[in-house]
Amino acid sequence: MGASHLAFKSLMRELGNEPIVPPKPSLKTLNFGTRFAPEFACLPYKILLGTYVEVLEMGADTIAASGGVGPCRAGHYAQLHRQILTDAGYKFEMIVYEPPSIGYRDFVHKIQMLNSARLPLLKLLGAINRGWAKIKAFDRLEELSHWIRPRETGNGETSKAYRQTLEIIDRAESLEEIKQAEKEAVALLKSVPHDPDFKPLKVGIVGEIYVLLEPSANLEIEETLGEMGVEVHRSMFLSGWTRDNTLFDTLRIMAKGDPLKRAAQPYLAEMIGGHGQDSVGHTVLYAKEGYDGVIQLAPFTCIPEIVAKSVLPAVSRDLNIPVLSLSLDEQTGKEGVRTRLEAFVDLLARRREIKANTRLAHELGGGA
Amino acid sequence: MSSQVREGKVGIPRALFFYTFYPAFRTFFEELGATVVVSGTTTKATLDAGVQETVTDACAPIKLYHGHVAELRGRVDYLFVPRLVSTNGKLIYCPKFLGLPDMIRHSMAGLPKLIDVRIDVRKGKHEWWRVYREIGRNFTKSTWKIYRAYRKALETYRQFDGMLKSGATAPAAMYTLYGEEILPAQPGLQAAAALEQASASASEPAVASGTGRGADRRLTIGVMGYPYAFYDPYLSANLLDKLEALGVTAVTPDMIPDEVLERQADKFPKELFWTYSDRAVKAAYHFLENGRGRIDGLIHLTAFACGPDFIVNKLIELECKKQKVLPFMSLMYDEQTGEAGVLTRLEAFVDMVRRRKEAAVRAGAPLAETPVVQSQTTARTTAQAASSAKKAG
Ligand code: SF4
Ligand code: SF4
């Protein structure tokens, strides 16, 4: 997902597998997916199936089914994927993992299963740590790009630089090199001409994890928003680095319970699978942190996100924060999304102006 | 005085788990001195009201549930909207059931007090008692009274479930228990026919009905899907009545005993997470394995854009394709499924099933390999079929 496949690729090679790394999900991927998948399968399901067909066509004989899709239907994904592909006449073997979660432990677990070079444990751990270091580097760079992009003075410079930084990290091999590469990459991104004093609108992005993390599934929404001058904050990163992930926060969570769940509680009291409850919780937190708006990304027919979507208007009303829900399927076009985003950003800008004006009026009134 | 009476009205929407749990909860509430009010049978107006209150991408059954709640709003003191998490101790329900009270509470205004007890018996069957006690607290402080009502409720549940397992449809069983009151205005063909069938097959186990009774042209078709769809006359476009009129006995997943379904479990590397979906798939597998000569075809009634159903439908379809023993049709409904479109397709399917069966009887041989009829109709084509049928008619 996102840039993470680059990290997996180098890791696979170290483990003695000849990886056929699926190309970035493309129109072709989707076409394969929609050809074989049931009509109402959710977008992640279709993209994943399409990806399998693509690698099978490229000559793969084993599919390692992981991929980090949301847990709600993921448990059934692999099983049905296998049956559909077999029915379509493909011959292959499939290694299936239990529903993936994100974070280090799960990552280690997956990797162990693919260790076909039978690397001794110590070496294996070394390889894993390198892969993990890359994932974290990718996440940091992405987050930084979210900050720089709305502030850039040129046009599209950040995205260009960001793509270069991915290559820089991809080339690094040892832990030391990765560290160096990350420094270099950060410097490169920061060198993009930008105005640090600009105060962009801030929008939080919530929703189902796959469409959140895979830019080709969300039609590069973060780039689009950034280039409209909006700073985005995404509620989830692959390395599991949500904002509640510092040691201090971990301790607080242990003491007081998960703040995310607590935030969602009044609106959605049940863990409903997928990331439905997270979407609601993050929206509440974004509102409390003074964000200008929230965008929910949901694959069409995604059950947990539909539930979340039905309670989000109440959150929006109670906490006075605009929420835009985008439902994504293979027919969603980038232009249509852009139009809706523009309208939403306009609305946010107007609200901010009104707020500023009333504040000004207050201050002036207070002075007189 | 009058205020005391008013305070005891509990509304139960005629949707979702209604067809599984209504009798038990009705007994329970009544034993505690409350009056149970059920929303009416679904009409277009019910569904339209629900559509108003819900997000567009919700499935029709969820929209319909909101519609039934809207009908009860203002007429009752309590609304019984439990959060069904797990009732069999193993599987859970579709995430939309899990979030149901939240959806209702946050998208509808002017609601009475919600009884939104969380039902989750994964810790053990004794959890049922905790659930009932929690509900009962709304009406009385006496644990003893609640306990007695709880025992009665279980009794009713067993009685009702027993009727289902002997081949009665849920509406027919409820008609037997409560009469006209539960099926106002139109006890209709469905109830009457199913009643008749229930008594006819009382001596036989569910699947056995419709066995080679010589010249009998009756067919038996397994109707897979969810009770809240195939029993709802509006959502299903009167599917069961139409089948009856075509001389078909319908067998539904809720008529098959749990132990029988469980025998299919090892065919799945992983069971479906969701209770109703799991039943539907296992029932289909069961019919494919044991239905030879007793079941003549399978229909899967599925909701437009239902989350779990894309898996359920595909699993059934692939298994039918593999086994090649039963003709299969899937029938999709949404908010505007046309009656006429459904009828045309049903007739064609039943015709095919009947010809196939008669050919086999004539040849005195086992049935030839079956074509799998996978005619998925989406809303639009259903509507088209409906309008073209209208024109043709
Ligand atoms: S959470 Fe949504 S997108 Fe993810 S598997 Fe479930 S339904 Fe599909
Ligand atoms: S199982 Fe399907 S039809 Fe039933 S509530 Fe869930 S999504 Fe809707």
Side-chain angles (χ1 to χ4, degrees), chain A residues 36-42 45-46 70-84 86-88 94 96 98-99 264-274 276-277 280 296 298-318 325 327 329, chain B residues 53-59 62-63 66 83-85 92-109 116 118 120 268-274 277-278 281 302-315 317-319 321-322 330 332 374 376-379:
Chain A
F36 292 108
E39 186 183 354
F40 293 118
C42 44
Y45 186 92
K46 288 180 182 167
C72 106
R73 291 194 248 179
H76 307 310
Y77 269 15
Q79 211 189 115
L80 192 59
H81 274 142
R82 180 183 1 223
Q83 287 191 30
I84 290 176
T86 311
D87 184 62
M94 197 162 190
V96 182
E98 280 305 292
Q265 196 70 26
Y267 299 98
L268 189 51
E270 185 76 26
M271 290 268 299
I272 54 170
Q277 206 185 22
V280 176
Q296 181 206 19
F300 178 60
T301 79
C302 171
I303 330 171
E305 294 302 329
I306 290 176
V307 177
K309 187 176 167 184
S310 358
V311 305
L312 281 178
V315 179
S316 167
R317 203 169 47 233
D318 293 358
S325 291
S327 150
D329 68 7
Chain B
E53 307 275 359
T54 40
V55 293
T56 42
D57 21 15
C59 55
I62 290 291
K63 290 180 180 166
H66 284 70
R83 189 191 300 280
L84 246 65
V85 179
I92 56 170
Y93 282 84
C94 164
K96 288 182 195 163
F97 282 64
L98 268 57
L100 192 61
D102 301 304
M103 288 199 272
I104 295 289
R105 189 188 308 275
H106 295 295
S107 53
M108 298 184 71
D116 58 351
R118 183 173 186 278
D120 180 359
F268 303 89
K270 186 162 190 155
E271 291 177 291
L272 288 186
F273 303 147
W274 314 289
S277 308
D278 172 72
V281 175
T302 168
F304 180 81
C306 162
D309 265 4
F310 93 76
I311 294 176
V312 173
N313 190 265
K314 198 76 192 172
L315 283 175
E317 184 205 322
L318 288 174
E319 192 64 16
K321 246 168 130 177
K322 207 163 93 195
S330 70
M332 185 175 294
Q374 168 64 14
Q376 188 91 276
T377 311
T378 61

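All chains are named by letter (A, B, ...) in the order of the sequence lines, taking the proteins before the strands, and each is independently numbered beginning at 1. Below, each value reflects all heavy atoms present in this structure, side chains not excepted, and no hydrogens, waters or symmetry copies.
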* Nearest-0.5 Å distance that lies between atom CG in B:Leu100 and atom CD1 in A:Ile272 -> 11.5 Å

* Is there side-chain contact between A:Ile306 and B:Pro95, with heavy atoms separated by less than 4.5 Å? -> no

* Go through the steps to decide whether A:Thr86 and B:Leu318 satisfy the test side-chain contact (heavy atoms from CB on, under 4.5 Å), and finish with yes or no. => CA-CA 10 Å; A:Thr86 311; B:Leu318 288 174; over 6 Å; no

* Structure fact -> A:Pro38 and B:Phe310 have their tightest heavy-atom pair at CG-CD1, 3.5 Å

* To do: Could you tell me which non-hydrogen atom of A:Tyr267 sits nearest to which non-hydrogen atom of B:Asp102, and how far apart they are?
  => O-CB, 3.1 Å

* **Nearest-0.5 Å distance that lies between atom CG in B:Asn313 and atom CZ in A:Phe40** => 10.0 Å

* Residue selection (most heavy-atom pairs with chain A, distance under 4.5 Å) from B:Asp116, B:Leu315, B:Thr54 -> B:Leu315

* **Contact summary for A:Met271 and B:Leu98, nearest pair of heavy atoms** => O-CD2, 3.7 Å

* Please state whether the side chain, the backbone, both or neither of B:Cys59 comes within less than 4.5 Å of a heavy atom of chain A. => neither

* Against chain B, label A:Ile84 side chain, backbone, both or neither, depending on which of its atoms sit under 4.5 Å from a heavy atom there. => both

* To do: Search all heavy atoms of A:Ser310 against all heavy atoms of B:Ser107 and return the closest pair with its distance.
  => O-CB, 4.1 Å

* Structure fact -> Here the gap from A:Gln83 atom CD to B:Ile311 atom CD1, rounded to the nearest 0.5 Å, amounts to 11.0 Å

* Structure fact -> Of all heavy-atom pairs linking A:Ile303 and B:Pro308, the shortest is CD1-CD, 3.6 Å

* Structure fact -> Rounded to the nearest 0.5 angstrom, the NZ-CZ distance for B:Lys314 and A:Phe36 is 10.0 Å

* To do: Can you tell which part of B:Arg118 gets under 4.5 Å to a heavy atom of chain A, answering side chain, backbone, both or neither?
  => side chain

* **For A:Pro266 against B:His106, the heavy-atom pair lying closest together** => O-NE2, 3.0 Å

